[in-house]
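Take a look at the structure below.
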Amino acid sequence: MKPRRRAVSLPALHYRRARSADIPAMSRIRLSVTENTLSDPSKVTLQMYRDYLDARGRGWVCCSGRRIVGFAYASRDDASIWALFIQPGHEGRGIGRKLMGFAEAWLFGLGAPAITLDTGRGTRAERFYAASSWLREPDDGGRNVRFRKQAPLAAPAP
C-alpha cells in the first residue's frame, strides 16, 4: 500500500502597499529570479526602489506569513509597470496576477489611457502578460518585448 501524501499547508497570502523597510526583501527577490535577470545589477539602485514607493510611482508587496514573496511597482512618470517579480518557488499561486491588478488599477485610476511594460523575450513573464490581456507592441526582434494595455472603457451612464 502506498503511503498517503500529507497536504502541505502554505501560509495565507496578504497584500499591502510597499514601504521602505521592504526594499531589502524586494531587492533580494529581484536578484533571485532566473529569468529577466539584470545584466548589470548596479543599474537598479536602492534609491530607485525608494523613488518608486511614492515620488515616482507606487509599490505593493505580497506576504506569505511574514515573508515578502512578490512585489510590483507602477511608474507614474510614464504610466508603466516598473517591476513585477515573484520569489522563485512561489510562482503559480496567483500572486503576479493580484499584484498586477493593483498596479493597473492605480495607473488607470490616475487617468492613464494606456499602460506599458517591457519584459524578456521567450520568458514565462512574456507568456503571463500575453495571457493577461496585454497586447504585444511591434518590435525589432531584440532582447525585450513591449506590451501595452488600454484603459477599460467606462460604463455608460444610466
Side-chain angles (χ1 to χ4, degrees), residues 8-112 114-137 139-149:
V8 176
S9 177
L10 296 172
L13 299 175
H14 66 278
Y15 299 84
R16 61 172 170 77
R17 287 266 311 269
R19 46 188 179 237
S20 26
D22 301 329
I23 292 172
M26 291 186 291
S27 180
R28 275 193 302 278
I29 291 169
R30 177 64 183 98
L31 295 173
S32 73
V33 298
T34 57
E35 293 186 335
N36 287 336
T37 58
L38 291 168
S39 56
D40 181 359
S42 68
K43 288 188 176 181
V44 177
T45 66
L46 294 179
Q47 186 59 49
M48 292 169 91
Y49 282 97
R50 283 190 281 280
D51 288 346
Y52 284 103
L53 282 176
D54 285 306
R56 298 182 69 188
R58 181 155 296 171
W60 299 265
V61 296
C62 172
C63 300
S64 177
R66 299 178 109 183
R67 260 183 86 218
I68 293 173
V69 295
F71 72 97
Y73 271 104
S75 169
R76 173 187 297 116
D77 295 345
D78 60 359
S80 71
I81 304 302
W82 185 71
L84 175 62
F85 292 96
I86 309 303
Q87 177 74 43
H90 290 272
E91 303 96 335
R93 297 176 66 190
I95 296 168
R97 195 166 311 282
K98 184 85 168 180
L99 288 168
M100 180 59 74
F102 292 130
E104 290 175 9
W106 184 73
L107 288 168
F108 289 138
L110 292 176
I115 54 180
T116 61
L117 63 84
D118 293 324
T119 194
R121 183 180 304 285
T123 61
R124 285 189 332 260
E126 179 184 10
R127 293 186 296 278
F128 169 78
Y129 298 124
S132 300
S133 303
W134 285 78
L135 300 175
R136 184 187 318 273
E137 296 266 287
D139 66 52
D140 60 4
R143 184 176 164 213
N144 288 327
V145 179
R146 173 160 284 211
F147 283 90
R148 173 179 296 280
K149 191 170 206 178

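All values derive from a computational prediction rather than experimental measurement.
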Using only atom types and a distance under 3.5 Å, with no angle test, would you say the side chain of [X] pairs donor to acceptor with the backbone of [Y]?
| X | Y | answer |
| --- | --- | --- |
| Lys149 | Tyr129 | no |
| Glu126 | Arg124 | no |
| Arg58 | Ala18 | no |

Under 3.5 Å, which donor-acceptor pairs link side chains of residues 65-74 to any protein atom two or more places apart or in another chain?
| residue | atom | partner | partner atom | Å |
| --- | --- | --- | --- | --- |
| Tyr73 | OH | Tyr49 | O | 3.0 |

Enter the distance from [X]:[atom1] to [Y]:[atom2] here, rounded to the nearest 0.5 Å.
| X | Y | atom1 | atom2 | answer |
| --- | --- | --- | --- | --- |
| Glu137 | Asp118 | CD | CG | 9.5 Å |
| Arg30 | Leu84 | CZ | CG | 10.5 Å |
| Thr116 | Arg146 | OG1 | CZ | 4.5 Å |
| Arg19 | Met26 | CZ | CE | 10.0 Å |
| Leu13 | Leu99 | CG | CG | 9.5 Å |

Would you call [X] and [Y] a side-chain contact if the rule is heavy atoms closer than 4.5 Å?
| X | Y | value |
| --- | --- | --- |
| Ile81 | Leu107 | yes |
| Ile29 | His90 | no |
| Ser64 | Arg93 | yes |
| Trp106 | Arg76 | yes |
| Phe128 | Thr123 | no |

Walk me through it: do Val61 and Arg16 pass the test side-chain contact (heavy atoms from CB on, under 4.5 Å)? CA-CA 6 Å; Val61 296; Arg16 61 172 170 77; 3.6 Å; yes

Which atom pair, heavy atoms only, marks the closest approach of [X] to [Y]?
| X | Y | answer |
| --- | --- | --- |
| Thr119 | Ala125 | OG1-CB, 3.3 Å |
| Arg17 | Asp54 | NH2-OD1, 2.6 Å |
| Ser32 | Gln87 | OG-NE2, 3.6 Å |
| Tyr52 | Asp77 | OH-OD2, 4.5 Å |
| Arg148 | Ala114 | NH1-CB, 3.3 Å |
| Glu104 | Ile115 | CG-CD1, 3.7 Å |

Residue list, side chain to side chain contact (heavy atoms under 4.5 Å, CB included) with Arg28, at least two apart or on another chain: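 Side chain to side chain contact (heavy atoms under 4.5 Å, CB included) check on Arg28 returns Pro24, Ala25.
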
